[in-house]
There are 2 protein chains.
Amino acid sequence: MTKKYRTPDGYTADIAVFTIVTEESKPFTPPVMSLNLLLIERAKWNAEGELNTEGGKWALPGGFVGVHENALQAAVRELKEETGIDCVHMKHFGIYDEPGRDDRGWIISNAHYAIISEDDLRQIKANDDASDVKLVNINDVLQLELAFDHRQIIYDALSVIKSELLQTTAAKNLLQDEFTYSELQAVLSTVTKDPAILNEQAFARKIKSLPFIEKVEGKTTQRTSKKATQLYRFNEVEVVKPIYTGRY
Amino acid sequence: MTKKYRTPDGYTADIAVFTIVTEESKPFTPPVMSLNLLLIERAKWNAEGELNTEGGKWALPGGFVGVHENALQAAVRELKEETGIDCVHMKHFGIYDEPGRDDRGWIISNAHYAIISEDDLRQIKANDDASDVKLVNINDVLQLELAFDHRQIIYDALSVIKSELLQTTAAKNLLQDEFTYSELQAVLSTVTKDPAILNEQAFARKIKSLPFIEKVEGKTTQRTSKKATQLYRFNEVEVVKPIYTGRY
DNA sequence: AAAATAGTGTCTTTAAGACATTATGAT
DNA sequence: ATCATAATGTCTTAAAGACACTATTTT
């Protein structure tokens with residue numbers, strides 16, 4: 001065997017935590033939402049008073065994978081430790097293993113994204129000693145000074161969350177169990193400009209024919225309008241849309 | 001810090017190599033295709049004459065990631081070394097890091113899939129000392145006795161290739177640059193039963209309106225029919241089909 | 001009454017689905 | 001002439017797109 005191999009110096013789990021923030025919320029009015037990413041500011045100094053690697057920059061929460069766990073379990077654990085959030089939807093989306101991506105050695109990062117609802121989010125605010133935690137609008141996040149290769153990881157995470165929200169029923173994790181067409185629309189509008197989704201009347205009609213969404217019979221809310229508004233919920237139907245069928 | 005961390009004992013790249021095999025090929029007739037996965041049989045004994053871990057079982061090609069490369073580069077290199085194939089389309093799809101998945105220690109496997117055309121495949125047959133390499137129809141592969149956790153990896157790879165072929169233009173890697181509607185249909189039929197794709201007349205019409213496929217003006221072939229048949233090619237247009245639009 | 005949002009009526013346009021027909025060219 | 005495959009004609013049906021209109025309820 002002529003090749004020289006090397007064992008990695010570390011294996012970490014990083015987490016891109018996405019959440020919806022309702023920007024305006026007048027009574028009887030549909031929400032205006034933004035999709036945000038949770039970042040933490042790396043401490044400038046470590047416990048021993050030395051300058052920290054990439055200190056002061058913004059980074060994804062995460063940390064080293066422990067002895068008896070895999071990266072997904074580590075990601076769930078770290079998120080709980082660092083922000084107090086009990087995660088609902090956590091999923092691997094990429095691996096970052098470029099030699100030299102971290103000065104401290106050959107550290108392999110297993111990147112996950114998490115989706116948490118606005119309700120879950122309130123747990124953070126409770127847990128809040130965290131002046132070093134903030135939510136950043138996904139449209140602004142790439143402007144920040146980011147640690148390590150987290151710019152790349154976040155760029156990839158944004159692509160993933162955008163296509164997940166449009167191509168799967170992942171939006172359910174950003175909404176209450178029962179929601180109005182305009183609330184779903186508000187979530188989707190954070191990741192698409194498609195007029196078929198953004199037009200009110202069109203979407204109000206369309207939602208009734210989506211196989212993976214069902215009407216909650218006889219149940220309405222006045223959250224978004226003075227007129228009582230029909231509630232819907234996601235059911236368990238899974239759908240795939242081949243690019244070779246349907247209309248363009 | 002109370003947690004104990006551990007560095008991985010190894011980092012490997014595994015590769016699920018998919019290829020199309022034309023089962024029947026009478027002249028002037030559309031092809032009948034099957035989608036196959038390339039497997040290698042693990043040697044029973046190693047170079048020192050000892051019994052090999054998981055020897056005799058079938059496994060995905062792959063191996064340890066080297067010093068100055070990342071897993072993707074390693075996957076490309078290994079595939080070339082083990083089968084002589086210069087890869088066209090290689091992509092990460094999953095990570096397997098369960099403690100205990102490999103007796104030899106905590107080995108993290110970075111799984112990739114590769115798509116190679118029937119033309120590229122001929123390179124293997126050339127390189128063929130390989131009685132230990134075989135192609136297995138994707139419908140039969142899970143019946144085999146598979147090494148390590150490769151059953152799980154392959155199961156995941158099958159899900160990924162199926163949705164890639166239907167939701168992206170990945171099929172182009174299984175076809176010649178220029179192809180007829182029935183050749184594309186033959187590829188897609190290996191992963192779907194959707195009548196909108198399988199019906200001849202419907203698909204012959206549909207292909208003309210797909211934004212990511214274009215007619216090769218004035219160019220035809222008689223590969224699939226006595227009647228000269230229009231050739232098409234993929235262009236660079238990328239498409240996404242939100243589940244919230246289109247018909248069901 | 002005014003304002004805002006939900007929801008429907010309806011007309012036009014487009015595409016899907018089904019089925020039949022025509023076109024082509026080797027044998 | 002026959003056969004297989006490609007390609008189009010055409011009718012029906014369903015959904016998209018557009019726009020106007022109605023419905024509801026708080027202020």
Per-nt protein contacts along nucleotides 19-27 of chain C (heavy atom under 4.0 Å; B base, S backbone sugar-phosphate only, - none) come out as -B--BBBB-
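Every stem involving DNA chain C, taken as at least 3 paired positions in a row under the Watson-Crick or G-U wobble test at 3.5 Å, is listed here: C:1-27 with D:1-27.
Here ring pair (Phe, Tyr, Trp, His ring centres under 6.0 Å) pairs that include residues 178-198 of chain B, with residues two or more places apart or in two chains, are B:Phe179-B:Phe234.
If you check every strand for non-hydrogen atoms under 4.0 Å, B:Ala202 touches nothing. Using a 4.0 Å heavy-atom cutoff across all strands shown, A:Ser182 reaches sugar-phosphate atoms only and no base atom. A:Thr245 comes within 4.0 angstrom of no nucleic acid atom, judged by non-hydrogen atoms across all strands. Nucleic acid contact for A:Pro27: none, since no nucleic acid atom lies under 4.0 Å from a heavy atom of the residue. No engagement by A:Thr180 is indicated, since no non-hydrogen atom pair under 4.0 Å with the nucleic acid exists. As judged by a 4.0 angstrom heavy-atom cut-off over every strand, B:Lys208 is placed among residues touching the sugar-phosphate backbone only. Among the protein residues, B:Pro195 comes within range of no part of the nucleic acid, since none of its heavy atoms lies under 4.0 Å from any strand. Among the heavy atoms of the strands lying under 4.0 Å from A:Thr29 are primed sugar atoms or P, OP1, OP2 only; no base atom is included.
Remark: B:His150 pairs with B:Phe148 by the ring pair (Phe, Tyr, Trp, His ring centres under 6.0 Å) rule, at least two apart or across chains. B:Phe212 pairs by the ring pair (Phe, Tyr, Trp, His ring centres under 6.0 Å) definition with A:Tyr244, not counting sequence neighbours.
Distance, B:Ile197 CD1 to C:dA16 P: 12 Å, rounded to whole Å. We find that OH of B:Tyr248 is positioned 10 Å from P of D:dA16, with the value rounded to whole Å. With rounding to whole Å, A:Tyr181 atom OH is found 9 Å from C:dT5 atom P. To the nearest angstrom, P of C:dA6 lies 11 Å from CD1 of A:Ile207. Following rounding to the nearest Å, B:Asn199 (CG) and D:dT8 (C1') show an atom-to-atom distance of 14 Å.
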* To do: For B:Glu183 and B:Arg223, run salt bridge (charged side-chain N to carboxylate O under 4.0 Å, His left out): C-alpha distance rounded to whole Å, both residues' side-chain angles, the deciding distance at 0.1 Å, then the answer.
  => CA-CA 10 Å; B:Glu183 288 170 337; B:Arg223 289 197 297 268; 2.7 Å; yes
With a 3.5 Å cut-off and sequence neighbours excluded, list the donor-acceptor pairs that the side chains of residues 192-199 of chain A form with protein atoms.
| unit_1 | atom_1 | unit_2 | atom_2 | d |
| --- | --- | --- | --- | --- |
| A:Thr192 | OG1 | A:Asp194 | N | 3.1 |
| A:Asp194 | OD1 | A:Ala196 | N | 2.8 |
| A:Asn199 | OD1 | A:Gln201 | N | 2.9 |
| A:Asn199 | OD1 | A:Ala202 | N | 3.0 |

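The minimum heavy-atom distance linking A:Leu39 with A:Leu60 is given by the pair CD2-CD2, 3.9 Å. Minimum heavy-atom separation, B:Lys219 to B:Glu178: NZ-OE1, 2.8 Å.
With a 6.0 Å radius and a threshold of 12 heavy atoms from other residues, nucleotides or ligands, A:Gln143 has its CD atom above the threshold.
Here the two rings, on B:His92 and B:Tyr113, have centers that are 6.0 Å apart or farther.
Along DNA chain D, the nucleotide nearest B:Thr229 and the nucleotide nearest A:Arg247 are compared for position; the residue whose nucleotide lies closer to the 5' end is B:Thr229.
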